[in-house]
Amino acid sequence: MDQLTSPAIVAAAADLLGRPLTLDRELTGGQHARTLMAVDGDARVVVRMFPRGDDAVRREREVLRRLGPLGTLAPRLLAHGEAQGHPVIVTDAVPGGPPAPGLDPVVIGEQMGRALAEIHRLDPVDLPDESRQPTRRAGRLATSAHEAWREVDLDRVLTHGDFWSGNALWEGERLTGIVDWSGAMSAPRGVDIAWCRQDLVLLGSTAAADRFLAVYEGATGQRVRDVRAWDVIAAARADAYLETWAPNYAGIGRPEIDGRLLRSRFDTWVGSLIGTRLQR
């Protein structure tokens, strides 16, 4: 992505809004977009800029209008446009920040399970449709992923698409919001469930992954019988680029979760899923 300065991005967002903004700080924890916090009078807004040609802003605009039932858990769209050819979106700032490093992953799992149940009640019609079927290039987990695919429920819900702790905001032990909706789509519920479970394992807690599932099932009143299959499919998707997530974890205040620790926790998790030791 071209290196526009943070003040230049905020100035472009101010033009889109039609009123002055003041740069507060640049936010970390993701790699897809440049994300800035700016002051808008007595309030704060979030400005996100994407690479040229990226359709994330168009997709996010479409989904944000559906999120009213989530109340303050989801941001509101304020403006969108371009800055020197880069798509830009401006939303209000959901209060909170990344989960504190000392926050119990089981607490994270419980509250994210409740939030995901609310998300999956929303209307997915006319959103981009994707099943997340494993490809033939799924690497060392390809065989397991394709076997798992035969077991999955493909009924569609509105999925977030990147439901992990770095896209959740917190005040103490209370989840205050879910952000980064550009990957939302019409997809099977297992896409979000398995992605979040995998993140909780990478945070260091399989107990949190199981508690997340139990709370989700309790909130939806629906048993997720294909969860192991989706766990395997999610792992196949993550395996090739797992170590590249280390900056994302550092960005939410967890620099100790480096590439080596991610790989160790991941391989142990996958071994428990497929009942064998992974070979690299």
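Residue numbers start at 1 and run along the sequence shown. Atoms considered below: every heavy atom in the structure, side chains included; atoms not considered: hydrogens, waters and symmetry mates.
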Legend entry - Result of checking Thr91, Val90, Leu36 against Val45 for side chain to side chain contact (heavy atoms under 4.5 Å, CB included):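 So the option named by the test is Val90.
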Supply the atom-to-atom distance [X] [atom1] to [Y] [atom2], rounded to the nearest 0.5 angstrom.
{"X": "Ile9", "Y": "Met49", "atom1": "CD1", "atom2": "CE", "value": "4.0 Å"}
{"X": "Leu116", "Y": "Thr159", "atom1": "CG", "atom2": "OG1", "value": "9.0 Å"}
{"X": "Leu67", "Y": "Leu158", "atom1": "CG", "atom2": "CG", "value": "7.0 Å"}
{"X": "Leu64", "Y": "Arg59", "atom1": "CG", "atom2": "CZ", "value": "12.0 Å"}
{"X": "Glu82", "Y": "Arg52", "atom1": "CD", "atom2": "CZ", "value": "9.0 Å"}
{"X": "His160", "Y": "Asn167", "atom1": "NE2", "atom2": "CG", "value": "4.5 Å"}

Less than 4.5 Å apart, side chain to side chain, heavy atoms only: is that true for [X] and [Y]?
{"X": "Ser6", "Y": "Arg34", "value": "yes"}
{"X": "Asp231", "Y": "Trp269", "value": "yes"}
{"X": "Leu73", "Y": "Val94", "value": "no"}
{"X": "Thr35", "Y": "Glu26", "value": "no"}

Legend entry - side chain to side chain contact (heavy atoms under 4.5 Å, CB included) between Tyr249 and Leu261, worked out: CA-CA 11 Å; Tyr249 284 95; Leu261 185 56; over 6 Å; no
Inset, instruction - Return the set of residues passing ring pair (Phe, Tyr, Trp, His ring centres under 6.0 Å) with His120 (not counting sequence neighbours), or none when no residue passes. - result: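 Ring pair (Phe, Tyr, Trp, His ring centres under 6.0 Å) list for His120, sorted by chain: Tyr216.
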Legend entry - For Trp195, ring pair (Phe, Tyr, Trp, His ring centres under 6.0 Å) partners two or more places apart: Trp245
Legend entry - More than 12 heavy atoms of other groups within 6.0 Å of Arg76 CZ: no
Inset, instruction - Taking atom CD of Gln133 as the centre, report whether more than 12 heavy atoms of other residues, nucleotides or ligands fall under 6.0 Å from it. - result: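 Atom CD in Gln133 is packed in, count exceeds 12.
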Inset, instruction - Could you give me the CA-CA distance, side-chain angles and deciding distance for Arg58 and Asp55, then say whether salt bridge (charged side-chain N to carboxylate O under 4.0 Å, His left out) is met? - result: CA-CA 5 Å; Arg58 178 188 60 78; Asp55 68 347; 3.0 Å; yes
Legend entry - Qualifying residue, where the test is salt bridge (Lys or Arg N to Asp or Glu O under 4.0 Å) with Glu60 and the options are Arg66, Arg48, Arg65: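 Only match with Glu60 under salt bridge (Lys or Arg N to Asp or Glu O under 4.0 Å): Arg48.
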Legend entry - Distance-only polar pair, side chains of Arg121 and Thr220, donor-acceptor under 3.5 Å: no
Inset, instruction - Ignoring hydrogens and angles, state whether a donor on the side chain of Ser165 or Asp199 is under 3.5 Å from an acceptor on the partner side chain. - result: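 Present: a donor and an acceptor within the cut-off.
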Inset, instruction - Just grab all the salt bridge (charged side-chain N to carboxylate O under 4.0 Å, His left out) pairs involving residues 204-215, residues at least two apart or on different chains. - result: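 For residues 204-215: Glu110-Arg211, Arg197-Asp210.
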Inset, instruction - Decide side chain to side chain contact (heavy atoms under 4.5 Å, CB included) for Thr268 and Arg263; before the verdict, give the C-alpha distance in whole Å, the side-chain angles of both, and the deciding distance to 0.1 Å. - result: CA-CA 8 Å; Thr268 299; Arg263 179 58 62 183; over 6 Å; no
Legend entry - Working for salt bridge (charged side-chain N to carboxylate O under 4.0 Å, His left out), residues Arg189 and Asp155: CA-CA 8 Å; Arg189 69 182 66 245; Asp155 287 349; over 6 Å; no
Inset, instruction - Would you mind listing the cluster partners of Met185? Hydrophobic ones only (ILVMFWY), side-chain contacts under 4.5 Å, chaining allowed. - result: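 In the cluster with Met185 are Trp149, Val152, Leu154, Val191, Trp230, Ile233.
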Inset, instruction - Report the C-alpha separation of Glu243 and Arg260 in whole Å, then their side-chain angles, then the decisive distance to 0.1 Å, and conclude whether the salt bridge (charged side-chain N to carboxylate O under 4.0 Å, His left out) test is met. - result: CA-CA 7 Å; Glu243 285 84 355; Arg260 180 176 296 183; over 6 Å; no
State whether the side chain of [X] and the backbone N or O of [Y] hold a donor-acceptor pair below 3.5 Å, judged by distance alone.
{"X": "Gln198", "Y": "Ala238", "value": "no"}
{"X": "Asp226", "Y": "Asp153", "value": "yes"}
{"X": "His86", "Y": "Leu4", "value": "no"}
{"X": "Glu217", "Y": "Val224", "value": "yes"}

Legend entry - Partners passing side-chain hydrogen bond (donor to acceptor under 3.5 Å, both in side chains) against Glu147 (at least two apart in sequence or in another chain): none
Inset, instruction - List for me each residue that meets side-chain hydrogen bond (donor to acceptor under 3.5 Å, both in side chains) alongside Ser182, sequence neighbours excluded, and say none if there are none. - result: Asp180
Legend entry - Derivation of the side chain to side chain contact (heavy atoms under 4.5 Å, CB included) call for Asp92 and Val46: CA-CA 6 Å; Asp92 65 351; Val46 173; over 6 Å; no
Inset, instruction - Assess whether side chain to side chain contact (heavy atoms under 4.5 Å, CB included) is satisfied between Ile119 and Leu70, documenting all intermediate values. - result: CA-CA 7 Å; Ile119 292 166; Leu70 298 181; 4.0 Å; yes
